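Step one of this worksheet: look at the structure below.
None of the values given here were measured: they were computed from a predicted structure.
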Amino acid sequence: MELFSSTIAPFPSSPHPHSMMSFKRSHGVFLCSRSSGNAQSLKENKMVISITGATGFIGRRLVQKLLSDNHGVHVLTRSRRNAQLIFPVKSFPEVTIAEEQEWGNSIQVSDAVVNLAGMPISTRWSPEIKKEIKQSRINVTGKVVHLINQMNADVRPSVLVSATAIGYYGTNENKVFDETSPSGHDYLSEVCREWEGRALEVDKDVRLVLIRIGVVLGKDGGALAKMIPLFMMFAGGPLGTGNQWFSWIHLDDLVNLICEALTNPSYKGVINGTAPNPVRLSEMCKELGNVMGRPSWLPVPDFALKAVLGEGATLVLDGQKVIPAKAKELGFSFKYPSIRNALKAIISSS
């Protein structure tokens with residue numbers, strides 16, 4: 001995981017009259033509009049959702065989805081200026097932008113909070129960067145949880161959807177991981193454990209959903225944004241051996257999963273945010289090459305990837321096979337269960 005009213009002035013000391021406080025406290029369940037989901041009128045089931053990380057790759061799409069479903073959104077940011085560049089008032093009059101000192105008031109008038117904040121890991125890891133990767137996640141999560149917990153039960157949000165990552169499981173070429181699998185022992189596993197640990201401190205009256213997100217595929221960012229230029233140069237082969245597992249999810253499916261987690265009380269605890277059909281990285285690169293009409297025969301050697309990403313390359317070079325057992329058990333419908341259809345949809349929309 002910045003929206004609801006057109007104003008970007010600081011919040012008043014008490015909830016404004018359009019906060020829908022009385023509505024949200026008199027209705028226990030709210031429903032997102034989804035083609036595969038519930039048919040209740042959105043106008044009767046509006047929510048106000050506060051989102052951290054709303055200006056990021058996932059957050060931007062989530063905001064658009066929530067707005068299209070007639071919900072209100074508050075963007076919780078540390079930089080009003082940066083948030084305004086992503087959500088200008090003229091284009092997003094329904095979005096409320098709240099700087100850090102205003103987060104408490106924003107959360108108090110919200111039905112739910114989505115926590116997506118965190119520095120991207122797809123960069124070269126220095127000791128300073130590794131510290132920032134961890135702290136950017138733990139500190140924001142801790143702040144959000146603290147703000148929720150100090151509120152009276154009658155005004156606090158009823159649900160917190162907090163992002164985490166499949167890095168929790170560690171990397172392995174042979175094992176299959178689901179939500180019951182233990183944590184790994186590497187740096188990213190440690191980050192995810194501490195990240196989730198802060199979210200788990202939220203009051204037990206608040207429904208908590210922890211979504212362990214895989215590699216997110218979309219046209220405007222993420223892994224594909226870095227891979228497509230390689231294919232355009234006829235050099236988009238597999239990274240490393242190509243035998244490592246690639247646990248992915250289409251951006252739209254992840255956003256729909258978050259939306260469902262916000263509104264469906266059956267969603268609670270850990271849910272893997274990955275597609276049901278992980279693939280070997282060589283297959284992913286082959287399918288991308290086919291969709292783009294480009295060959296994918298020239299592999300990127302390990303040393304080249306390590307030169308770019310340093311220690312961060314291990315996640316890509318080793319990989320992990322993660323299955324969304326909980327989402328399937330809950331009956332979540334994936335729009336893009338196969339890598340081929342997902343890539344076709346992304347490339348055709350570019």
Side-chain angles (χ1 to χ4, degrees), residues 1-3 24 27-54 56-74 110-116 144 157-166 178-180 196 199 202 206-218 247-278 322-338 341-342 345:
M1 330 123 137
E2 297 184 28
L3 76 77
K24 77 172 187 173
H27 293 69
V29 179
F30 298 84
L31 305 170
C32 265
S33 71
R34 283 167 41 93
S35 58
S36 61
N38 308 297
Q40 288 195 17
S41 168
L42 272 174
K43 291 185 178 180
E44 296 176 359
N45 295 290
K46 289 192 296 184
M47 297 178 69
V48 180
I49 299 112
S50 285
I51 306 173
T52 70
F57 175 49
I58 300 168
R60 293 194 304 271
R61 183 65 66 86
L62 176 62
V63 169
Q64 292 168 356
K65 167 67 174 172
L66 291 172
L67 288 175
S68 70
D69 285 351
N70 204 32
H71 298 303
V73 179
H74 291 267
S110 297
D111 302 288
V113 177
V114 178
N115 177 39
L116 298 173
V144 167
S158 60
V159 57
L160 169 63
V161 177
S162 196
T164 171
I166 60 173
D178 64 17
E179 290 85 353
T180 64
E196 294 182 13
V202 76
V206 177
R207 180 168 57 87
L208 174 64
V209 186
L210 293 167
I211 300 184
R212 291 180 182 153
I213 301 172
V215 181
V216 184
L217 302 181
S247 296
W248 60 278
I249 186 168
H250 190 288
L251 177 59
D252 288 350
D253 277 332
L254 177 59
V255 166
N256 284 338
L257 183 66
I258 293 171
C259 184
E260 193 72 14
L262 283 170
T263 60
N264 188 331
S266 297
Y267 284 61
K268 58 185 68 175
V270 174
I271 299 175
N272 286 335
T274 58
N277 297 299
V322 180
I323 302 298
K326 188 73 175 293
K328 290 195 287 186
E329 176 188 322
L330 289 164
F332 180 77
S333 177
F334 287 89
K335 186 177 180 181
Y336 301 102
S338 76
N341 290 339

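Residues I51 and V63 meet the side-chain proximity criterion, which asks for heavy atoms closer than 4.5 Å. Taking the side chain as every heavy atom from C-beta outward, N341 and K335 never approach each other to under 4.5 Å. In this structure, V113 and V144 have side chains that are in contact, with non-hydrogen atoms separated by less than 4.5 Å. Contact check for S50 versus V114: no side-chain heavy atoms found under the 4.5 Å cut-off. I211 has its side chain out of reach of T164: every pair of non-hydrogen atoms, C-beta onward, lies at least 4.5 Å apart. Side-chain contact between L210 and I271 is absent, with no heavy atoms from C-beta onward closer than 4.5 Å.
For the atom pair CD of E260 and OG of S333, the computed distance is 10.0 Å after rounding to the nearest 0.5 Å. Distance check: L251 CG to D253 CG gives 9.0 Å after rounding to the nearest 0.5 Å. K326 contributes atom NZ, which lies 11.0 Å from atom CG of D178 (distance to the nearest 0.5 angstrom). Atom-to-atom distance recorded for F57:CZ and L62:CG is 12.5 Å, nearest 0.5 angstrom. Taken from CG in L66 to CG in L262, the straight-line distance is 6.5 Å, to the nearest 0.5 Å. Going from atom NZ of K268 over to atom CZ of R207 covers 7.5 Å, rounded to the nearest 0.5 Å.
Shortest non-hydrogen contact noted between A342 and H250 is O-CD2, 3.8 Å. Shortest non-hydrogen contact noted between P276 and I323 is O-CD1, 4.4 Å.
Distance alone, capped at 3.5 Å, places no donor-acceptor pair between the N272 side chain and the T274 backbone.
A distance below 6.0 Å separates the ring centres of F332 and F334.
A salt bridge links E196 with R212; the closest basic N to acidic carboxylate O contact falls under 4.0 Å.
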